[in-house]
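A short worksheet on the structure shown next.
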Amino acid sequence: MQIKVNTDNEVYGTEEFKEFYRSEVERVLGRFDKYVTWIEVYFSDGSSNKDTLNDKKCVIEARFKGLDPEHVSDQADELKPAFDGAVRKMRTVLDRLAETRRNW
């Protein structure tokens, strides 16, 4: 399973930042590696680094083998809570898809 982490121009995504989130995706969603070919995480800041509520967004896209990509997103005041919300949502989506696949 390939995992890619991207940011917009307002989020400073160092290699350490990207590696941290790649490892978090692997920790939370790694059990789906036989079903998922790739996962892409995208962080953005909707207010250009101004201090506003729920301006940090995390979108996660995953390609389940043989299906169209699935997308989820979450917003929060900080990047980590936005990621945590989005990765929980993606785990729910992948659980549902894996269960459906097992019943085929």
Interatomic distance, His71 atom NE2 to Ile60 atom CD1 [nearest 0.5 angstrom]: 11.5 Å
Output the distance between atom OH (Tyr12) and atom CG (Leu79), rounded to the nearest 0.5 Å. 14.5 Å
Once you round to the nearest 0.5 Å, how far does CG of Leu67 lie from OG1 of Thr100? 9.0 Å
Output yes when Asp84 and Lys80 qualify as a salt bridge under the 4.0 Å nitrogen-oxygen rule, no when they do not. yes
With under 30° as parallel and over 60° as perpendicular, where do the rings of Phe43 and Phe17 fit, or are they tilted in between? perpendicular
For the student: nearest non-hydrogen atoms of Pro81 and Ala76, plus distance: CB-CB, 3.8 Å
Heavy-atom nearest pair, Cys58 first then Ala86, reads O-CB, 3.7 Å
Are any of the side-chain nitrogens in Lys18 or Glu15 under 4.0 Å away from the carboxylate oxygens of its partner? no
Value rounded to 0.5 Å, distance of CG in Leu97 from CZ in Phe32: 9.0 Å
Determine whether Met1 and Val93 fall in the same hydrophobic cluster, where Ile, Leu, Val, Met, Phe, Trp and Tyr are linked whenever their side-chain heavy atoms lie under 4.5 Å apart. yes
Tell me, with the steps shown, if Phe83 and Val41 meet side chain to side chain contact (heavy atoms under 4.5 Å, CB included). CA-CA 9 Å; Phe83 170 82; Val41 181; 4.2 Å; yes
Positive for salt bridge (Lys or Arg N to Asp or Glu O under 4.0 Å) with Lys56, one of Asp45, Asp8, Asp74: Asp45
From CZ (Arg63) to CG (Asp68), nearest 0.5 Å: 6.0 Å
Stepwise, does the side chain to side chain contact (heavy atoms under 4.5 Å, CB included) test hold for Leu29 with Met90? CA-CA 8 Å; Leu29 303 177; Met90 183 54 75; 3.9 Å; yes
Which pair of heavy atoms, one from Val36 and one from Phe64, lies closest together, and at what distance? CG2-CD1, 4.1 Å
Take Lys89 and Glu70, measure what side chain to side chain contact (heavy atoms under 4.5 Å, CB included) needs, and give me the verdict at the end. CA-CA 11 Å; Lys89 291 176 184 179; Glu70 295 283 339; over 6 Å; no
Is the shortest distance from a Lys or Arg side-chain nitrogen in Arg22 or Glu19 to a carboxylate oxygen in the other one below 4.0 Å? yes
Minimum heavy-atom distance between Leu94 and Ala62, given as atom pair plus value: CD2-CB, 4.4 Å
